Number of protein chains: 2
Amino acid sequence: MILLKDIAAACGVSVATVSKALNGHNDIGPETRERIRKVADNMGYFPNSAAKALKTNRTFNIGVLFADEARSGLTHDFFATVLDSFRRTAEAAGFDITFINSSHAQERSLSYLAHSRYRGFDGVCIACVDFYDPDVVDLVRSELPIVTIDHSFDGKISVVSDNVSGMHDLLHYVYEMGHRRIAYIHGLPSAVTQNRLMSFYRTMAELGLAIPDEYIMEAPYRSTSETRDCTFTLLDLPTPPTCIFYPDDFSALGGYSALQQRKLSVPDDISIVGFDGIRLSRHIAPRLTTYRQDMEQMGRVAAERLIELIEHPKDVIQEPILVPGSVYQGESVARIQ
Amino acid sequence: MILLKDIAAACGVSVATVSKALNGHNDIGPETRERIRKVADNMGYFPNSAAKALKTNRTFNIGVLFADEARSGLTHDFFATVLDSFRRTAEAAGFDITFINSSHAQERSLSYLAHSRYRGFDGVCIACVDFYDPDVVDLVRSELPIVTIDHSFDGKISVVSDNVSGMHDLLHYVYEMGHRRIAYIHGLPSAVTQNRLMSFYRTMAELGLAIPDEYIMEAPYRSTSETRDCTFTLLDLPTPPTCIFYPDDFSALGGYSALQQRKLSVPDDISIVGFDGIRLSRHIAPRLTTYRQDMEQMGRVAAERLIELIEHPKDVIQEPILVPGSVYQGESVARIQ
DNA sequence: ACTGGTGTCGAAAACGTTTGAGACTCGGCG
DNA sequence: CGCCGAGTCTCAAACGTTTTCGACACCAGT
């Protein structure tokens, strides 16, 4: 492990000079700076992040909270994609990504906030968690720079996809395709669910369409068995819908499965609509019609804004950022009449 | 931010004593230790990881290299699941997980190894990368405790799933179901591919089955369009196979899609076999017959062994660990004759 | 009474870096 | 000639821990 001291010795200058030269301070002569840098490179020097962090109170490390609701932390396609994009932008800006957790062996476990302070994260990104968990709220309310994904808190930056226009646009598309009897199996209660559901009701009213009570059902996100059952129920109705909206793309597979079991075909017998636009939706047959959220942009914007907030806490206004998506016209919605 | 110093003042002892009490050294009186611990808890103390790391050369941080081949880093279902399990075990043992990357803003980018040293990782886990990348090889050959996943290096711990018996068992199952004309679309060259392919040839020979050259094809992992094309080619053969093996579960979707386009049914007209056992395979219709790798165990074992290696470098023999899986009998293979 | 051991505790150095306050040199200007 | 400012560079303290070594007290055994 080679240190500032070694470079100083090799160059015949003091450690302070080396440090300043490497950090680009302007009270070092241009030629000595270059000489020092050259030597440092040759010796394969890199700083010790711990020492640097200790002195500067900056770790260039961002904590990511990605809780394991039902073990689907990283395997949650939507969030994994967002996170991946977040990570790439953060890394390009020189930040590393570390997961926040509350384990931490030494008997008494740390809270998310304590863990974040312990590691000295410069900022924190929260996604895919129970936002009502007091431990999460503590973290959000702390003084740390924070950005949340798919959920908004007052006075904090959040990046949310445009669920309202998403549902609006999808419904309009389906309407254009001639559908009038539209059912919606929505996800379990959450801010996201509320927005979509609200938009569903409003848009249906706007289109002058009736919504029989039996057309509104509920199922967990990313579950296929439950949406499968819901689908059967809908099919058995006296007047079944011609099109069914599912909580998300993955759970729409439950619809495919139910229909196939009844020897019905998508979309000829019934049309299916998802939400998310995960990779899968474009690879199943027939391709799923869905609202494609711009996960890449969500992750990127989240990282960009968070870093801005870290670097210039005063200049950035903390408010929700809406990321628009677009209707993906797959093959799962039939034109009827 | 509350420090050792503050606790020391509050307790009327020295910082040294507080440090030792909190770390459980045995040269501190039991009653003072308890007193100090209580006060520390009340004041909400937690250590400063940077200072601790600086002194002890231990970060309790594990680096994970998960490269972005084709942007599918975290969205790679198989590796995401393994990583998630790895992460849970590591965190339970008090280790944090940080991604290794080679960006690092300050103009000249760090190598993976340099980055790992910069952050002072106690150990490193490598998965889902090009193992022939010289930068990766550098990292592997370093003095750091390392575990690799799905690829073995001499003298290093690696956790690999049992591709050989996986292919063997799958073939036997399909044989039992009456299939004799079996095609294999294998993945692009890699250690994993080689093992599976080798096992395929050997087991077919063992079963006394012929393998027409046209039955062996190649397609990238996790691609559906290419496997779709391959499927068409196979179907158009004078004597098409009755069963097709795909590189992995996801790419098997290409098979489903091709068959549906030809108005053929799975498995009545043709049988389909995947490899991996990702979540998806159990949720599509008909359910995919595949070899289910025990990703949870792979991640857990990788973490356990790595931590062992970190804690007791001398006691652990570094060698590959084979994790067995099991044939998952879905609905995509028909019994024939 | 002296020795040796044991059990508690504290002083201080060290880890590798950053940074403000000064020190020195050298021109240029009044 | 003296002074000032600009340009370079160094000193030394500091960040929050851990850890070695020694100090001190107390007790048992001789």
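Quantities reported herein were computed from a predicted structural model and do not represent experimental measurements. In what follows, chains carry the letters A, B, and so on, assigned in the order in which the sequence lines appear, proteins first and then strands, with residues in each chain numbered from 1.
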**Fill in**
To the nearest angstrom, the CG-C1' distance between B:Leu3 and D:dT17 comes to 10 Å
**Asked** What do you reckon, is CG of B:Asp315 surrounded by more than 12 foreign heavy atoms closer than 6.0 Å?
**Response** yes
**Request:** Between A:Asn23 and B:Lys55, name the one whose nearest nucleotide on DNA chain C is closer to the 5' end.
**Result:** B:Lys55
**Message:** Tell me whether A:Glu31 is salt-bridged to A:Arg35, with the criterion being a basic N under 4.0 Å from an acidic carboxylate O.
**Reply:** no
**Request:** Describe the nucleic acid contact of A:Ser19 in one word from base, sugar-phosphate, nothing, applying a heavy-atom distance below 4.0 Å.
**Result:** base
**Item:** Ring centers of A:Phe95, A:Phe60 separated by less than 6.0 Å
**Value:** yes
**Asked** Looking at A:Tyr118, does any N or O in its side chain come under 4.0 Å of the phosphate oxygens OP1/OP2 on D:dT17?
**Response** no
Pairs: protein N or O with nucleotides 6-10 of chain D N or O, under 3.5 Å:
residue: D:dC9; atom: OP2; partner: A:Gly29; partner atom: N; Å: 2.7
residue: D:dC9; atom: OP2; partner: A:Thr32; partner atom: OG1; Å: 2.5
residue: D:dC9; atom: N4; partner: A:Asp27; partner atom: OD2; Å: 3.0
residue: D:dT10; atom: OP1; partner: A:Ser14; partner atom: N; Å: 3.3
residue: D:dT10; atom: OP2; partner: A:Ser14; partner atom: N; Å: 3.0
residue: D:dT10; atom: OP2; partner: A:Ser14; partner atom: OG; Å: 3.1
residue: D:dT10; atom: OP2; partner: A:Thr17; partner atom: OG1; Å: 2.1
residue: D:dT10; atom: O4; partner: A:Lys20; partner atom: NZ; Å: 2.7

**Prompt:** So, for B:Tyr132 and B:His151, is the gap between ring centers shorter than 6.0 Å?
**Reply:** yes
**Prompt:** With a 4.0 Å cut-off, would you call B:Arg58 and B:Glu311 a salt bridge?
**Reply:** yes
**Request:** With a 4.0 angstrom cut-off to heavy atoms of chain B, pull out the first and last contacting nucleotide of DNA chain C, in 5'-to-3' order.
**Result:** C:dT8 to C:dG16
**Asked** So, are A:Lys38 and A:Asp41 salt-bridged, with charged N and O less than 4.0 Å apart?
**Response** no
**Prompt:** Are B:Asp77 and B:Arg279 within salt-bridge range, i.e. N to O under 4.0 Å?
**Reply:** no
**Request:** Take the angle between the ring planes of B:Phe99 and A:Phe99 and call it parallel below 30°, perpendicular above 60°, tilted in between.
**Result:** perpendicular
**Prompt:** Which is true for B:Leu54 with a 4.0 Å heavy-atom rule: it touches a base, it touches only sugar-phosphate, or it touches nothing?
**Reply:** base
**Item:** Five-pair end axes of the helix from C:dA1-D:dT30 to C:dG30-D:dC1 and the angle they enclose, rounded to 10°
**Value:** 70°
**Side chain proximity check, A:Thr17 to A:Val15, heavy atoms < 4.5 angstrom** = no
**Salt bridge flag under 4.0 Å for residues B:Asp96 and A:Arg119** = yes
**Asked** Between A:Thr59 (side chain) and A:Gly120 (backbone), is there a donor-acceptor pair under 3.5 Å?
**Response** yes
